[in-house]
Every structure is written in structure tokens, then in C-alpha cells.
Undergrad: 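After the C-alpha cells below, expect a handful of questions from me.
In what follows, chains carry the letters A, B, and so on, assigned in the order in which the sequence lines appear, proteins first and then strands, with residues in each chain numbered from 1.
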Amino acid sequence: MVRVRFAPSPTGTLHIGGVRTALYNYLLARKLGGQFILRIEDTDQTRYVPGAEEYIIEALRWTGLVPDEGVGFGGEYGPYRQSDRKAMYAEYAQQLIERGNAYYAFDTAEELDQQRSSTENFIYGSSTRMGLRNSLALSKAETETLLANGTPAVIRLKIDPGQSILINDLIRGEVVFQSDELDDKVLLKTDGMPTYHLANIVDDHLMKITHVIRGEEWLSSTAHHVLLYRGFGWEDTMPQFAHLPLIMKPEGNGKLSKRDGAKFGIPVFPLAWVSDDPEQNAPGFRENGFVPEAVVNFLALLGWHPEGEQEIFTMDELISAFSLEKISKGGARFDYEKAKWFNQKYIQAMDNVALANIIRPYAESKNYTATEDFLVKVAELMKERVTFVQDFTETGYYLFEKVRIYDADTVAKKWKPEVKPVFSELTSVIEQCSDFSAAALEETVKTFIHDKALKPGDILPLLRIALAGTMKGPAVFDMAAMLGKTETVERLRLFENV
RNA sequence: GCCUCGUUCGUCUAGGGGUUAGGACGCAUCCCUUUCACGGAUGAAACACGGGUUCGAUUCCCGUACGGGGUACCA
């Protein structure tokens, strides 16, 4: 049984790379009929941000990556929040000490800083630990006294020199580390909380995780994790590792960071983050007008590509096509233009009724009165010309209200003195139409143009400007039919009098 | 610095010892349409470099360069 987990830290928003990690975990779980688990890694109490946990859950729901187990989703392996598991980590750390694979260390932060600045390439390990303040260097009596006095102590992993640690990464293949280069990582902090390394191994073991799919930033600490599994005697059930390439900045060097949203004017979060501190607030894909399916599709293909040349995938298609082996090794640059293209494609392909439901809240927020039928019609006429969901009511505002400004260039070019009376006449003709369908209108107007010995180009642009104010948009007769006779004639008269 | 991972069009990528190196986004031109978009067609655009191995390397190996990540009582 495959069991995977997404284990974010609730330090604020989830960034888009985190969503992709969740997605790949989810896809693998669904593909292999396993479980997808949400675990909250809040072992750093100083970095806890209120609301972050709720944000993470909402983001997963929005993208459709709903966990089978985890914080907020139940399950038999809980609790799924690490702060709620605090007591058990101390017990496991203790167990490691008893097995001779960990030890107490009493060095203060200042002492360690000093070591790092005075010794080049200092590592807290087999070559240095006997000169430091820990239970390996101190006598048993000294150690017991220090502990009895309540001296702040951490528990460190004891790494023996001379070992090669081989990791068989599902994406990268074999990666080897030498234990001499590894430091004796802190496992349990002075506040009694575990570090990521300890909590991660204990939880993955207890939660029966089979595959650890996480960002590449974890690759270099994986050797420590393997040693921890060995230390506990759990190596035979150790999960398999898959380290994902990172998502890079759209321009320049480095991985995509939370600050890049503001810097490049693009969303880097699934949902907007709104907090007490306006400095921290940032827009999200949802608020910028993306549909979740498009975001998922875009993210799925950022660093992964199945056989074939298909680009548009439903979630089910992603699930059946997914495999870890097809994940790229190199980092992928975040391409906002491509994200926009996916969104446009999804909107285009969407059912008009479904789109009407998406448009409705935008229309309501602008106090537009629009019936279901009207919104469906808006969807039909506009969906081939929008990129974002708010474009229906923004660039297509003229479908909901009177024209705000008339395109000056077109007016200057087409609104000639001699056509003005003809235009009035046409308005009257339109007013007389009994059949206000697009086809009938077109027939009427074209006959009129023909009878007046005019060209379509003399009249049609003016009709468009009168109705929409711009030379962009749906077919004129479709718009007129949708607006109805009263509104159409009103707009034509309004335009004549400008 | 040390450890570690990577490198095919501007971007996301396919491919893989012998290919006209394929697709997508973006860009350009044209067609459709007397609007815009959609759609269609066409085009410009890539195997980082140097050594091997080989009859033959973009593909395999080794270096170099460049880039990423790690190097905390953060995750």
C-alpha cells in the first residue's frame, strides 16, 4: 500500500512550488491506489504564523488535492500536527541514546558560533566532538550532574566516520555521501521540540510512509535521514526518496521565492494571503482570475512530462499518465505566459453554464443585474477572448452597462458628416425590427447598407463602437441580439448624440 | 570554501550512438473574419565547452565552465 505525505510548515503561505510537491504526491497516491496524507510540521515555534494551517488546507481544497488523512481530514495515524506529537519525539530520541546512536550536547549557541568562525569548515562530528561539551566527551558523572541541574541540552545524532551512505533516489539515481562530511545533527532542541530531521523520520515511520517526494533542498540531508532509519533499526521499511527539481525565478538566478510575486508582478501563491501586516500581503492565482484546473495542469507540466505531445490534461489523465521516472532533474523556470495560456484554454473549453456560475460573483460585486440566461450568453460570446475570469466583466463590461468611452480613432475615421443621417435612419430601421435575432438583424442591416450603396466598412464599425465603444469584441449582431432591442436602440441614440 | 545535484530553441520540454533534433508557450508573417479573439498555415529559434570511447557522438565516460541546493537548536 502506497502512502505519501505532503508536509508543509505553517510559516505563512504555501508557495506554488509547495503546491506542485503536493500535486506530485497526490498523483502518485491516486495512480497507485494509495493514501495522500497532510502533516503539519510546526516544530519551530518561533516561526508559527496564525492562519497558515487554514490557508494550506484551503489551498489544497481549491486545487482539488484533498488529503485522505491529516490535519482536518482525520485518519488512524494521528495526530498529524507535529506539535501535538511532541512527547513521543523525546522518547524516540532517548531510545537512540540508549542504542548508542545519539548523545547529549551542552554547547551554547555562542560557543558554536565561535567554533564556526575560528575553525574553517567546522563540523560538529567525529573529528571535533571530543573537544566539545557533550556526553561523549564528558564523564558520565559530569553529564549526569549537568542534566540534573537542568542545564540546557540538545540531543545529537552520533555519526560514525568511514561510512558511505548510498541513496537510491527515484528521480536522480544513486547519490553517495561520506559520513565524515556529515555533522552530528541536532535531533531534539533545548525546548524539547524535535528538529525536522527527527520528527520527519519518526513520523514517516509511524505513519507507514512508503515514498518521500519532496523538494531538492532536502537532498543533502537525506544521508542523515538514512542514518536515522539505521539508528532506529528501521532500515528495512525505510521509504523511497524522490527529490524534485526546484522552480526557478522567471528571470535572473535562484529559486522562486515568495518575494518574487511582488518583484515580477505575478502570483506565486495559490490563494491570496491577507494578514494584519500589509507588507506580507500577496495576490494568488485564484484572485488573479485563474481556474484551479489550469493551475494544476500548468504546475504538473513544470518539471514533468509524460510520453506524447499532449499538453492539456484533466486530473484523471494526469493520474493515469503520472510516473516519478518522467520528472526532470533540472530546475524549471516559472513561465507566467504559459500559465496564462493554460487558463485561457481551460476557460475556452468550459461549459457556458459552468462559466456563468464563475462570472456571477464578479457581476454581483459590480452590482450588475444579470439573469442566468444572460450570463450564459456572456460566457458564450466572450470565452474565446478572455484570459482571466474577471475579463468577462472587465474587458467585457459593455455587455453589462452603457459604453464608457468610444474609441477615438475609429470615431474620427468613420463618423463622417455624411453618414450621420444614414446612421439615424438605420437606427429607426433597427427599431422597427420584429425579429431581433442576430441572423435577422444582420440580414436587415446588410440589406440597408446595400440599398444605400454603402460598404459594410462604413457602417459596421460604427455600430460596434456605439454598442461596445471598442473595436474589440464579439460579433456586432450577436451583441445587439443579446442586449435586446431597447438597449441596442438606446445605445445607438446615445452614440449619435455624442 | 566544502558537500551535492543539474545543463537540448528566450521559456517548458521530447528524443537518444547514425534524426531534416520533435512538440508547446512566446514572437513574426499569412489565411479565415470588413472588429478582436478563436482556429489554420508558415517562419526565426537549441543539443554549454574541451578531451576521450567509437567507423560515427547531441546521446556514453572524464574534466572545465556555468547554474541550483545544502552547509542552523529553520523547515
Side-chain angles (χ1 to χ4, degrees), chain A residues 7-11 41-47 82 105 107-109 112-113 116 120-124 152-156 167 169 171-173 175-178 180-183 185-197 199-200 214-223 243 245-251 253-255 298 301-312 326 328-342 344-345 348 381-387 395 407 410 455-461 463-465 468 470-476 479:
Chain A
S9 182
T11 54
E41 309 226 325
D42 58 344
T43 53
D44 187 351
Q45 299 172 323
T46 63
R47 296 211 307 161
Q82 291 183 330
D107 318 83
T108 64
L112 293 175
D113 283 346
R116 291 192 182 100
E120 216 169 311
N121 294 335
F122 172 80
I123 59 167
Y124 202 122
V154 299
I155 293 177
R156 284 183 182 270
I167 293 148
D169 191 277
I171 295 170
R172 282 152 216 287
V175 182
V176 185
F177 292 89
Q178 300 305 322
D180 305 65
E181 285 149 0
L182 268 25
D183 65 333
K185 283 257 179 286
V186 170
L187 265 21
L188 201 73
K189 303 184 257 188
T190 48
D191 65 359
M193 281 297 238
T195 57
Y196 170 85
H197 308 291
N200 180 259
R214 72 224 309 191
E216 196 187 354
E217 68 266 31
W218 295 109
L219 183 58
S220 37
S221 48
T222 305
H243 288 95
L246 268 15
I247 296 178
M248 317 300 286
K249 292 178 196 296
E251 291 165 37
N253 298 146
K255 66 170 174 174
F298 164 65
L301 260 30
L302 201 56
W304 169 77
H305 199 281
E307 304 258 351
E309 289 177 347
Q310 187 177 347
E311 296 270 344
I312 304 292
K326 302 293 283 182
S328 318
K329 297 183 179 76
R333 222 174 256 279
F334 182 89
D335 183 0
Y336 191 55
E337 290 304 317
K338 190 90 176 226
K340 280 157 65 176
W341 176 78
F342 275 110
Q344 188 189 35
K345 287 298 238 187
Q348 252 179 59
L381 295 194
M382 290 298 289
K383 71 178 180 183
E384 308 252 287
R385 26 205 134 223
V386 301
T387 302
T395 62
D407 179 67
T410 311
K455 288 179 201 153
D458 297 327
I459 294 297
L460 264 25
L463 280 179
R464 168 176 300 285
I465 292 294
T470 164
M471 287 307 289
K472 299 177 176 181
V476 235
M479 281 196 287

Undergrad: How would you summarise protein contacts on nucleotides 20-30 of chain B per nucleotide, using B for base, S for sugar-phosphate only and - for none, with heavy-atom distances below 4.0 Å?
TA: --SBBS-----
Undergrad: Report yes if a side-chain nitrogen or oxygen of T470(A) is closer than 4.0 Å to either non-bridging phosphate oxygen (OP1 or OP2) of C36(B); otherwise report no.
TA: no
Undergrad: Write down the partner of C66(B) under the Watson-Crick or G-U wobble criteria, each distance required to be under 3.5 Å.
TA: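 Partner of C66(B): G6(B).
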Undergrad: Residues two or more places apart in sequence or in another chain: which of them pass ring pair (Phe, Tyr, Trp, His ring centres under 6.0 Å) with Y196(A)?
TA: W218(A), H225(A)
Undergrad: Between U42(B) and C9(B), how far apart are the two P atoms, rounded to whole Å?
TA: 23 Å
Undergrad: Any donor-acceptor pair, under 3.5 Å, between the side chain of R333(A) and the base of C12(B), if you only look at N and O atoms?
TA: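 Side chain to base: no pair below 3.5 Å.
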Undergrad: Could you state the CG-C1' distance from L301(A) to A14(B), rounded to the nearest angstrom?
TA: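 Going from L301(A) (CG) to A14(B) (C1'), I get 12 Å.
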Undergrad: Between U35(B) atom P and D407(A) atom CG, what is the distance in whole Å?
TA: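 That distance rounds to 15 Å.
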Undergrad: Suppose we screen for ring pair (Phe, Tyr, Trp, His ring centres under 6.0 Å). Which residues come up paired with F122(A), at least two apart in sequence or across chains?
TA: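 Applying ring pair (Phe, Tyr, Trp, His ring centres under 6.0 Å) to F122(A) gives none.
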Undergrad: For a quick test of reading the model, state the closest non-hydrogen atom pair linking T43(A) to M193(A) and the distance between them.
TA: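 Reported closest heavy-atom pair: O-CB, 3.7 Å.
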Undergrad: Of all the nucleotides listed (U4(B), C74(B), G6(B)), which has the minimum atom distance to the side chain of K329(A)?
TA: G6(B)
Undergrad: Closest to the Q348(A) side chain: C73(B), G39(B), C3(B)?
TA: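 Nearest to the side-chain atoms of Q348(A), counting from C-beta on, is G39(B).
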Undergrad: In whole angstrom, give the distance that lies between atom CD of E384(A) and atom C1' of C38(B).
TA: 4 Å
Undergrad: Between A65(B) and G50(B), how far apart are the two P atoms, rounded to whole Å?
TA: 15 Å
Undergrad: Each nucleotide N or O in nucleotides 68-71 of chain B that has a protein N or O under 3.5 Å away: list the pair and distance.
TA:
unit_1: G68(B); atom_1: OP1; unit_2: G254(A); atom_2: N; d: 3.3
unit_1: G68(B); atom_1: N2; unit_2: E216(A); atom_2: OE2; d: 3.2
unit_1: G69(B); atom_1: OP1; unit_2: K255(A); atom_2: N; d: 3.3
unit_1: G70(B); atom_1: O4'; unit_2: S220(A); atom_2: OG; d: 3.2
unit_1: G70(B); atom_1: O2'; unit_2: S220(A); atom_2: OG; d: 3.1

Undergrad: Going by the rule side chain to side chain donor-acceptor pair (under 3.5 Å), which residues pair with E337(A) if we only count those two or more places apart in sequence or in a different chain?
TA: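 Side chain to side chain donor-acceptor pair (under 3.5 Å) list for E337(A), sorted by chain: K340(A).
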Undergrad: What's the gap between A44(B) and C27(B) when it is taken at their C1' atoms, as a whole Å value?
TA: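 Per the computed distance, 9 Å lies between those C1' atoms.
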Undergrad: Under 4.0 Å between a side-chain N or O of K249(A) and OP1 or OP2 of U11(B)?
TA: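 No, because none of the side-chain N or O atoms of K249(A) sits under 4.0 Å from OP1 or OP2 of U11(B).
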Undergrad: Do NZ/NE/NH1/NH2 and the carboxylate oxygens of D44(A) and R47(A) come within less than 4.0 Å?
TA: yes
Undergrad: Run the ring pair (Phe, Tyr, Trp, His ring centres under 6.0 Å) test against F298(A) and tell me which residues pass, sequence neighbours left out.
TA: F334(A)
Undergrad: Between U11(B) and U53(B), how far apart are the two C1' atoms, rounded to whole Å?
TA: 34 Å
Undergrad: Check every strand shown and say whether G330(A) touches a base, only sugar-phosphate, or nothing at a heavy-atom separation below 4.0 Å.
TA: sugar-phosphate
Undergrad: Nearest 0.5 Å please: distance from the CD atom of E181(A) over to the CD1 atom of I123(A).
TA: 7.5 Å
Undergrad: Could you tell me the Watson-Crick or G-U partner of U20(B), where both distances fall under 3.5 Å? Say none if there is no partner.
TA: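 Pair assignment: U20(B) / none.
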Undergrad: Using every non-hydrogen atom in the two residues, find where H197(A) and S221(A) come nearest and quote the distance to one decimal.
TA: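 What the structure gives for the nearest pair is CE1-CB, 3.7 Å.
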Undergrad: Could you work out, with side chain to side chain donor-acceptor pair (under 3.5 Å) as the rule, every residue matching H305(A), not counting sequence neighbours?
TA: none
Undergrad: Output all residues satisfying side chain to side chain donor-acceptor pair (under 3.5 Å) with Q178(A), sequence neighbours left out; order by chain, then residue number.
TA: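 Q178(A) satisfies side chain to side chain donor-acceptor pair (under 3.5 Å) with S164(A) only.
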Undergrad: Once you round it to whole Å, what is the distance between P of A72(B) and CG of D113(A)?
TA: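 Distance check: D113(A) CG to A72(B) P gives 10 Å.
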Undergrad: Rounded to whole angstrom units, what separation is found between the OH atom of Y196(A) and the P atom of C73(B)?
TA: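 Spelled out: OH on Y196(A) to P on C73(B) is 17 Å.
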Undergrad: Considering every strand shown, what is the Watson-Crick or G-U wobble mate of G1(B) when both distances are under 3.5 Å?
TA: U71(B)
Undergrad: For G303(A) and for R172(A), find the nucleotide of RNA chain B with the closest heavy atom, then tell me which residue's nucleotide is more 5'.
TA: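 The residue whose closest nucleotide sits nearer the 5' end is R172(A).
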Undergrad: Please give me the minimum heavy-atom distance between M471(A) and P461(A), naming the atom from each residue.
TA: CE-CB, 4.0 Å
Undergrad: Take the protein atom CG of L463(A) and the nucleotide atom C1' of U33(B), then report the distance between them rounded to whole Å.
TA: 17 Å
Undergrad: Tell me whether the OP1 or OP2 atom of C73(B) has a side-chain N or O from R156(A) closer than 4.0 Å.
TA: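 Answer is yes, contact under 4.0 Å.
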Undergrad: Side chain of S328(A): nearest nucleotide among U13(B), C5(B), A75(B)?
TA: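 Nucleotide nearest to S328(A)'s side chain: U13(B).
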Undergrad: Which whole number of Å gives the distance between the C1' atom of U8(B) and that of A14(B)?
TA: 10 Å
Undergrad: Name the pairing partner of G26(B), where a pair is Watson-Crick or G-U wobble with both distances under 3.5 Å, or state none.
TA: none
Undergrad: Sequence neighbours left out, what passes side chain to side chain donor-acceptor pair (under 3.5 Å) with D169(A)? Give chain and number order.
TA: H243(A)
Undergrad: In whole Å, I'd like the distance from the CE atom of M382(A) to the C1' atom of A37(B).
TA: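 The distance from CE of M382(A) to C1' of A37(B) comes to 9 Å, rounded to the nearest Å.
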Undergrad: Between U20(B) and G43(B), how far is it from one C1' atom to the other, in whole Å?
TA: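 Roughly 15 Å separates the two C1' atoms.
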Undergrad: Look through every strand shown and name the nucleotide pairing with U54(B) as Watson-Crick or G-U wobble, where both distances are under 3.5 Å.
TA: none
Undergrad: Say you pick atom P in G22(B) and the same atom in C62(B); how far apart are they, in whole Å?
TA: 29 Å
Undergrad: Please check the phosphate of A75(B) (OP1 and OP2 only) for any side-chain N or O of T11(A) closer than 4.0 Å.
TA: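 So the side-chain polar atoms of T11(A) never come under 4.0 Å of the phosphate oxygens OP1 or OP2 of A75(B).
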Undergrad: Return whichever of V154(A) or N121(A) has its heavy-atom-nearest nucleotide of RNA chain B closer to the 5' end.
TA: N121(A)
Undergrad: Can you tell me the Watson-Crick or wobble partner of C36(B), both distances under 3.5 angstrom?
TA: none
Undergrad: Could you work out the separation of C30(B) and G15(B) based on their P atoms and round it to a whole Å?
TA: 36 Å
Undergrad: Is there a donor and acceptor pair closer than 3.5 Å between the side chain of R464(A) and the base of U35(B)?
TA: yes
